[in-house]
Amino acid sequence: MSASAKATALLATSIGLVACSGGSGSSGRKLDTDYSGLRLATSTDGALHYATKDGRVLDALRNGIRMSLAGAPEIAVVGGPAAFSDRAGGYSRTTVQVAGVDEADLVKYDGHHVYAVVPKPVPSSGTAPTGLIRNVLKVVSTDAVSAATQVVSEFTLAGEHSSVPLLYQVQSSSGDTEYLAAVSQDSRAWLQAQPVIGTLVSQPDRTIVQFLDVRDPSNVSQAWQIELDGWLRGSRKIGDTLYLVSSYRPRLAGLVLPADTLETRQANERRILEASAADLLPGYRINGGIELPLVTPRDCVLPADLSSLDAYADLVVITALDLNQRRVTDVNCISTNVNGVYVSIDSLYVGGEGVAADGAPMTVLHKFLLNRGDITYRASGAVSGRIGWTNASYFMDEYRGDLRIVTSRADVHGLSVLRETTDRRLIAMARLPNTQHPAPIGKPGEQVHAVRFFGERAYVVTARVTDPLYAIDLSNPVDPFIAGELEIPGVSTYLQPIVGPTGAALLLSVGRELNAQGVRTGIKVELFDVSDVARPRSLGVQVFGKIGSSSDATEDPHALTLLPVGHTDSYRFALPIDVFDTPSYDGRFNWTYSGVHLLQIDGLAGATPHLSLAGVIETAEPDRSNAYPRYPVPNRSVLHDECVFVVNGDTVMGSMWSRAAAEPAQLPSVEFGMPRVRL
């Protein structure tokens, strides 16, 4: 269960009231406290419209509070493709899904400085509860000639109760980082084992953006801060506009608890009736100042048939922040759950789980147009099945105005192509499989582990013991079909398209090796030639470790770092791996070492590109007091020309690529025969 879902369950427990029939209040007016007829409004695939009357939105929110008094409704929570073909870059950037749409990460780099957020525990004391962390921004200068590094400054971000902030850069025209936007979530209301309603009201969920001035890297300061009511669900940056997607649940002050008498129930109902827009809708604060309204009812879209018995437990709020002008430029809101957020250059899609008329699961989709800080609702639609929980955005893609999406219903998987119509609908123009192309995506019992759209193609990996890679032709969006299939051992969990200088199409995968019983073993990296969509083929594979081995890159694409090598036909990439391959007495394997593994793709301009291991920069190994990896945060690497900079928790180190590739290992590695250098 996610943090927000746990929070919802705790809220329900803390309230724990049962609705009763009405009676007369102290004013003599009869107040109805029988809430049994209320129903939680479900996500709808019909066209929505901006509210024209404030009461329609506010009354639905009041009903949501009424339903919470009888047990809070649950909130379902999750937490054009970018291909590496730019030959001009001298250093790596954050790996993103869509070119031009930046994603937040723990580490950013501008060619001169590494900016890394490092969480450090706060020493316990009589006044500070245990479990708090302080988030420290570490600024490290780099030398791209010698691979030298030097810590320039450390800056402690305010907020010991917040999640670890993720960073965006605001850069000058020359590429230097002038400001960092650190996005985090205030979690202080949930530090108690059983938060009470008073705490939840006084310390609600808040999304925090801290704007840090790093123009002088040795003297970092906070230039601006905005706090928005609501739990962060996702963020993206396009140009200098930051888009935030958050869920907000009203927490009304003044409710009397426990409501175990008719008088207290009537008092609660009176408070609900008196609740204003300011009580029910989210606000925001600049630099800790007074609360300002973030949303008005007219910012919200809702169905035309919303009834007086429908309830909104929460709102999804989409906020645009201009990071140059440091202001909110636009806000939209909608009542829906959130399973995934996808952002293209032009559009933002919110995908939430709904239920079809026959009771089957479906994914309801809402499209919003993005235009330099303006947000406009465009359309809604639905497809059968659910999207994946891990890297959910990768199951969606917008191409030439159409949305392509992969969903699953149990072990039956499908691809849909949706197009916006003039009546604000997202209509499925095509589905796969279909009567003309009935071949299934995946075999019985297999689940979808990775999806990657790239132009007029989609690549889907399903697996149970083997790893079928499906190449789907989308050149005719109304007639997609499975063009090719390749079955290989293991499972891929992340796919990265790579385009060579001659247009050769490759696909890099990161995942796990599987044994005959379907148990995940070592970390597997594989290169595929997909230039012929009908005949994908493997060009090489590297497997690291055995059972117990792990890599952040199998679930977090930001942990994978890629860089084209000048104007040659090569790519370099790096990923962290904790390698378990030392035999244990019980037949299992112990931790051998952790390190950044350097790999290279050569021959992109030739007939047979190939994948090879260049070396390992070792970051940790077991000793008497440390038999297991410590899983540092952050765990990232940066490639800059011939240098590799490794961010391993509180340590930032540099190495030349050639040193890791050429020096003999300081520790034996007979299993792989790979060169390892320990820093």
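Source: prediction; values computed, not measured.
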Value for CG (L369) from CD1 (I375), rounded to nearest 0.5 Å, stands at 10.0 Å
Side-chain donor-acceptor pair present, T493, H449, cut-off under 3.5 Å: no
N635 side chain to A559 main-chain N or O, any donor-acceptor pair under 3.5 Å? no
Apply side-chain contact (heavy atoms from CB on, under 4.5 Å) to the pair T376 and Y50, showing each step before the final yes or no. CA-CA 10 Å; T376 305; Y50 284 99; 4.2 Å; yes
Please answer whether the main-chain N or O of G351 pairs with a side-chain N or O of T363 as donor and acceptor at a distance below 3.5 Å. no
For a side-chain contact (heavy atoms from CB on, under 4.5 Å) check, start with the C-alpha distance between M396 and Q97, then their side-chain angles and the critical distance, and finish with the verdict. CA-CA 10 Å; M396 297 181 273; Q97 180 182 3; 5.8 Å; no
Where the side chain of S163 meets the backbone of Q185, is there a donor-acceptor pair that is under 3.5 Å apart? yes
With distance as the sole test, does S247 use its side chain to make a donor-acceptor pair with the main-chain N or O of W231 at under 3.5 Å? no
Atom CG in D59, atom OG in S308: separation rounded to 0.5 Å? 8.5 Å
Looking only at non-hydrogen atoms, find the nearest pair between F528 and S509 and report the distance. CE1-OG, 3.5 Å
Holding to side-chain contact (heavy atoms from CB on, under 4.5 Å), I want the full list of residues that pass it with S550, two or more places apart in sequence or in another chain. D578, Y631
Test item: S246 side-chain N/O and G230 main-chain N/O as donor-acceptor pair under 3.5 Å: no
Just wondering, do H413 and V460 contact through their side chains at under 4.5 Å, heavy atoms? no
Under a 3.5 Å distance rule, please check whether R636 uses its side chain to pair with a backbone N or O of L106 as donor and acceptor. no
May I ask you to test the L415-L474 pair for a side-chain heavy-atom distance under 4.5 Å? yes
E526 vs S492, side chain to side chain donor-acceptor pair (under 3.5 Å): CA-CA, chis, key distance, verdict: CA-CA 9 Å; E526 190 158 7; S492 299; 5.7 Å; no
Are V96 and V101 close enough that some pair of their side-chain heavy atoms sits under 4.5 Å apart? no
Could you report the tightest heavy-atom contact between R236 and S393, atom names first, then the distance? NH2-OG, 3.7 Å
From CG (L302) to CG (L48), nearest 0.5 Å: 7.5 Å
Partners of D310 by salt bridge (charged side-chain N to carboxylate O under 4.0 Å, His left out), sequence neighbours excluded? R39
Would H437 and D479 count as a side chain to side chain donor-acceptor pair (under 3.5 Å) here? Give the steps. CA-CA 9 Å; H437 304 292; D479 185 28; 3.0 Å; yes
For A360, enumerate each residue passing the side-chain contact (heavy atoms from CB on, under 4.5 Å) test, keeping only those at least two apart in sequence or located in another chain. D358, R409
Where is the tightest heavy-atom contact between L315 and Y312, given as atom of each residue plus distance? CD2-CD1, 3.9 Å
Contacts of type salt bridge (charged side-chain N to carboxylate O under 4.0 Å, His left out), residue R431, not counting sequence neighbours: none
Heavy-atom side-chain proximity of V541 to I488 below 4.5 angstrom: no
Pairwise distance OH(Y342) to OG(S347) - rounded to 0.5 angstrom: 8.5 Å
Residues at least two apart in sequence or cross-chain that pass ring-ring contact (aromatic ring centres under 6.0 Å, His included) with F368, listed by chain then number, are Y377
What distance do L403 atom CG and R419 atom CZ have between them, rounded to the nearest 0.5 Å? 12.0 Å
Does any non-hydrogen side-chain atom of I334 lie less than 4.5 Å from one of N332? no
Nearest heavy-atom contact between D402 and P477 is OD2-CB, 3.8 Å
When the ring planes of Y394 and Y494 are compared, do they come out parallel, tilted or perpendicular, using 30° and 60° as the limits? perpendicular
What residues form a side-chain contact (heavy atoms from CB on, under 4.5 Å) with S549, not counting sequence neighbours? I523, F580
Using 0.5 Å steps for rounding, measure from the OG atom of S335 to the CG atom of L61. 7.5 Å
Using only atom types and a distance under 3.5 Å, with no angle test, would you say the side chain of R404 pairs donor to acceptor with the backbone of S416? no
Summary of disulfide bond (SG atoms under 2.5 Å apart) pairs that have at least one residue in residues 328-409, sequence neighbours excluded: C300-C333
Heavy-atom side-chain contact between D205 and D186 under 4.5 Å: no
Quick one: salt bridge (charged side-chain N to carboxylate O under 4.0 Å, His left out) pairs with a partner in residues 362-385, sequence neighbours left out? K367-E398, K367-E420, R378-E420
Which pairs with one or both residues in residues 366-455 pass disulfide bond (SG atoms under 2.5 Å apart), sequence neighbours excluded? none
Of Y459, F454, F453, which meets side chain to side chain contact (heavy atoms under 4.5 Å, CB included) against P497? F454
Is the backbone of A311 close enough, under 3.5 Å, to the side chain of N63 for a donor and an acceptor to pair up by distance? no
Given H366 and S380, is the side chain to side chain donor-acceptor pair (under 3.5 Å) satisfied, shown in steps? CA-CA 4 Å; H366 305 285; S380 297; 2.7 Å; yes
Residues which pass ring-ring contact (aromatic ring centres under 6.0 Å, His included) with H49, listed by chain and number, not counting sequence neighbours: none
Per the side chain to side chain contact (heavy atoms under 4.5 Å, CB included) rule, which among N337, V338, V341 passes with V316? V338
Strictly by modelled atom types, are K108 and T94 linked by a side-chain donor-acceptor pair under 3.5 Å? yes
Between P438 and P433, what is the shortest heavy-atom contact and its length? O-CB, 3.7 Å
Going by the salt bridge (charged side-chain N to carboxylate O under 4.0 Å, His left out) test, which pairs reach into residues 337-348, not counting sequence neighbours? none
Residues I238 and S344: closest non-hydrogen pair is CD1-O, 3.5 Å
Any sub-3.5 Å donor-acceptor pair from R457's side-chain atoms to V530's backbone N or O? yes
L539 meets the side-chain contact (heavy atoms from CB on, under 4.5 Å) criterion, sequence neighbours left out, with L506, L527, D529, R537, P609
Check this for me, if you would: do R206 and D229 make a salt bridge, where the nitrogen-to-carboxylate-oxygen distance has to be below 4.0 angstrom? yes
Looking at E555, is its backbone amide N or carbonyl O close enough to the side chain of N391 to form a donor-acceptor pair, meaning the two atoms are under 3.5 Å apart? yes
Report yes if the side chains of L228 and V317 come closer than 4.5 Å at any heavy-atom pair, otherwise no. no
Is there a side-chain contact between V343 and V98 in this structure, where contact means two heavy atoms from C-beta onward sitting under 4.5 Å apart? no
